[in-house]
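Remarks on the structure that follows.
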Amino acid sequence: MDNVAIVVRDLDGAVDFFTELGMELEGRTPIEGLFADQTVGLHGIRNEIAMMRTPDGHGRVELTTYHSPDVITPDPLAPAPNTVGLHRIMFAVDDIDDTITRLRAHGAELLGEVSNYENVYRLCYLRGPEGIIVALAEQIG
């Protein structure tokens, strides 16, 4: 797998959120032209992407904002965790409590609570920018 793409309205806010999560911005670039239209299957694409890299360098998240055509807002904007489709993106963290505190400053909301899975992991789900569900896992055992 090369990357996971997430469409957002506020690219700067999403970059800040994922940076706080420990990812590094590889770069930002505008995308437009016939190749983009042909690849995505839309006409008149003008967007900007920000490629975020995980600290180990093995995973990437592509954050995309569309200037044209307009973005489509799903209904509801923040679907429940059991909605069909892309479910969530999970990150391993060293300190789940500290990570939650730092992400709350960027608008993240805890969906449930931090749970203990068989004294091996502490786990939780957060709703981040644009309604994205981010799962956190801290290995404890």
Does [X] reach the main-chain N or O of [Y] with its side chain, forming a donor-acceptor pair under 3.5 Å?
| X | Y | result |
| --- | --- | --- |
| Ser68 | Gly44 | yes |
| Glu138 | Ile96 | yes |
| Glu62 | Ile6 | no |

Checklist entry - Can you check salt bridge (charged side-chain N to carboxylate O under 4.0 Å, His left out) on Arg122 and Asp95, steps first, answer last? => result CA-CA 9 Å; Arg122 293 181 71 214; Asp95 183 337; 5.6 Å; no

Item to check | Modelled atom types, side-chain donor and acceptor of Glu113 and Ser115, under 3.5 Å | outcome: no

Tell me whether [X] at atom [atom1] has more than 12 heavy atoms from other residues, nucleotides or ligands lying less than 6.0 Å away.
| X | atom1 | answer |
| --- | --- | --- |
| Asp56 | CG | yes |
| Glu109 | CD | no |
| Tyr121 | OH | no |

Side-chain contact, heavy-atom cut-off 4.5 Å: [X] with [Y]?
| X | Y | result |
| --- | --- | --- |
| Ile45 | Asn47 | yes |
| Leu136 | Ile100 | yes |
| Val8 | Ile132 | yes |

Nearest heavy atoms of [X] and [Y], plus distance in Å:
| X | Y | answer |
| --- | --- | --- |
| Glu130 | Arg9 | OE2-N, 3.0 Å |
| Ala14 | Pro129 | CA-CG, 4.2 Å |
| Pro69 | His43 | CD-O, 4.1 Å |
| Leu110 | Tyr125 | CD1-O, 3.5 Å |
| Ala137 | Leu123 | CB-CD2, 3.5 Å |
| Leu21 | Thr99 | CD1-CG2, 3.7 Å |

Taking atom [atom1] of [X] and atom [atom2] of [Y], what is their separation to the nearest 0.5 Å?
| X | Y | atom1 | atom2 | value |
| --- | --- | --- | --- | --- |
| Thr54 | Asn3 | OG1 | CG | 11.5 Å |
| Thr39 | Ile31 | OG1 | CD1 | 10.0 Å |
| Asp37 | Leu42 | CG | CG | 7.5 Å |

Next on the checklist: Do the side chains of Glu32 and Arg46 get close enough for a salt bridge, i.e. N-O under 4.0 angstrom?
Outcome noted: no

Checklist entry - Any Lys/Arg nitrogen of Glu24 or Arg53 sitting under 4.0 Å from an Asp/Glu carboxylate oxygen of the other? => result yes

